[in-house]
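Beneath this line is the structure, given in structure tokens, with notes to follow.
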Protein chains: 2
Amino acid sequence: MLKLTKKADYGLMAMKHLAEHVDREALSAKDIADAYGIPPQALAKILQRLMRAGLLESQCGIKGGYRLARDPHSISAYEVIQAIDGPLFITSCTTLRGECGQSLRCTVREPLRKVNQSIEEVLKRIRIAHMREEPEMVETKQLADYVMIS
Amino acid sequence: MLKLTKKADYGLMAMKHLAEHVDREALSAKDIADAYGIPPQALAKILQRLMRAGLLESQCGIKGGYRLARDPHSISAYEVIQAIDGPLFITSCTTLRGECGQSLRCTVREPLRKVNQSIEEVLKRIRIAHMREEPEMVETKQLADYVMIS
DNA sequence: GAAACTCGGACTGATTTGGTCGCATATTCA
DNA sequence: TGAATATGCGACCAAATCAGTCCGAGTTTC
């Protein structure tokens with residue numbers, strides 16, 4: 001129903017948290033989990049995925065933990081979500097190979113692919129450094145005026 | 001993982017099909033299902049939902065079927081999806097009541113709500129009358145320039 | 001060497017999704 | 001009038017996905 005998984009939510013929260021503490025030492029998965037009431041083991045696996053995707057640096061051992069691998073201004077929500085949940089497609093029939101196995105005569109695939117691109121672009125524009133409770137975004141109504149004029 | 005359900009896909013295909021045959025008699029669920037290889041019973045239930053949402057008119061009995069209740073230019077993809085899958089939220093914690101039961105200190109809810117609005121607007125702009133294989137859409141890259149300038 | 005971390009697969013229960021079945025009602029037409 | 005063909009709707013089931021736990025590693029610090 002067009003929603004993010006909880007894992008993706010957790011991942012975004014963790015990344016935002018790390019972005020707000022770039023100065024500090026590395027933060028452990030438990031530290032972050034406790035701060036938001038997230039199940040620690042669940043968050044641990046999520047952070048490992050973000051690590052493997054190159055978004056985080058990790059340090060093993062006591063005093064270890066995670067740290068952003070890049071400037072928080074350069075990390076998009078899209079990257080975080082994709083690292084956790086894999087590639088996102090709005091159409092349920094689309095696969096990585098790009099084809100629609102189910103209905104050969106599917107006629108909505110192409111228009112929805114465009115929608116998919118729009119959503120991707122929106123998510124790519126959102127950087128974790130910008131995620132504040134009151135983000136300075138251009139009113140979304142305005143943006144809509146630039147889509148589907150045809 | 002941010003994807004439409006198959007039911008929503010089917011619904012959009014059916015609506016598009018009906019939009020292309022406004023001139024004809026009412027089309028039965030089976031007619032449409034056969035045209036795209038959709039399980040007839042599954043599509044029947046979807047069409048009933050679209051009917052209850054006021055997007056379709058139905059006629060019982062032999063020679064019966066479905067017909068668009070409104071001008072296809074006035075029906076958005078958003079309406080179709082919402083009629084089938086219910087209200088869509090990008091955040092997994094958001095409920096109809098608007099609150100995040102899980103993590104009280106959830107800090108990404110507000111930024112994601114804005115993303116949600118953007119997606120809604122995009123889907124509302126897409127009318128089923130416009131859904132062609134090669135839709136005339138403004139390049140999505142352009143639209144992204146209007147989001148998140150902060 | 002103990003403590004506190006990360007690393008990663010295996011596993012389980014809950015929820016959602018995709019689809020079917022059956023029965024009731026409505027309409028057409030012979 | 002009654003058979004054929006529609007919609008209307010709830011119940012049901014199997015498969016997939018999601019959310020979360022468990023456990024046994026390896027690493028670093030002290």
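So you know, we letter chains A, B, ... as the sequences are listed, proteins then strands, and number each from 1.
Between the NZ atom of B:K30 and the C1' atom of C:dG19 there is a distance of 17 Å, rounded to whole Å. At whole-Å resolution of the value, CD in B:E25 and P in D:dA6 are 13 Å apart. Rounded to whole Å, atom P of C:dC5 lies 11 Å from atom CG of A:L27. Between the CD1 atom of A:I46 and the P atom of D:dC18 there is a distance of 13 Å, given to the nearest Å. Residue B:I81 contributes atom CD1, which lies 14 Å from atom P of C:dT17 at whole-angstrom precision. Nucleotide C:dC5 holds its P atom 17 Å from the CE atom of A:M51, rounded to whole Å. In this structure, A:L43 atom CG and D:dG20 atom C1' are separated by 12 Å, rounded to whole Å. Atom CD1 in B:I38 sits about 12 Å away from atom P in C:dG18, given to the nearest Å.
Heavy atoms of other residues, nucleotides or ligands lying less than 6.0 angstrom from NZ of A:K30 number 12 at most. Within a 6.0 Å sphere centred on CZ of A:R113, heavy atoms belonging to other residues, nucleotides or ligands number more than 12.
Nucleic acid contact class of B:A26 (heavy atoms, under 4.0 Å, all strands): none. Heavy atoms of A:R52 sit under 4.0 angstrom from primed sugar atoms or phosphate atoms, though from no base atom. Contacts of A:A44 with the nucleic acid, taken as non-hydrogen atoms under 4.0 Å apart, are absent.
The distance from atom CZ of B:R70 to atom CD of B:E57, rounded to the nearest 0.5 Å, is 11.0 Å. In this structure, the separation between CD1 on A:I119 and OH on A:Y78 is 11.0 Å, given to the nearest 0.5 Å. Rounding to the nearest 0.5 angstrom, the gap separating the CE atom in B:M131 from the CD atom in B:E20 is 9.0 Å. Residue B:Q117 holds its CD atom at 12.0 Å from CG of B:L112, rounded to the nearest 0.5 Å.
Annotation: of the two residues near DNA chain C, A:K63 and A:L47, the 5′-most nearest-nucleotide partner is A:K63. Along DNA chain C, the nucleotide nearest A:Q48 and the nucleotide nearest A:G64 are compared for position; the residue whose nucleotide lies closer to the 5' end is A:G64.
Closest approach to the B:K6 side chain among D:dT21, C:dG19, C:dT28 is made by C:dG19 (side chain taken as heavy atoms from C-beta onward). Ranking C:dT27, C:dG19, D:dA19 by closeness to the A:K7 side chain, first place goes to D:dA19.
The side chain of B:S58 places an N or O atom within less than 4.0 Å of a non-bridging phosphate oxygen (OP1 or OP2) of D:dG8. Proximity of B:S28 to the phosphate of D:dT5: no side-chain N or O atom is located under 4.0 Å from OP1 or OP2. Contact between the side-chain N/O atoms of A:Y10 and the OP1/OP2 oxygens of D:dG20 is found at a separation under 4.0 Å.
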Distances under 3.5 Å only, N/O to N/O: pair up the protein atoms with those of nucleotides 22-27 of chain D.
from	atom 1	to	atom 2	distance (Å)
D:dT27	O2	A:G61	N	3.2

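In terms of the side chain to side chain contact (heavy atoms under 4.5 Å, CB included) criterion, residue partners of B:D31 (sequence neighbours excluded) are, by chain and number, B:L27, B:S28.
Taking the charged nitrogens against the carboxylate oxygens, B:E121 and B:R125 have no contact shorter than 4.0 Å, which rules out a salt bridge.
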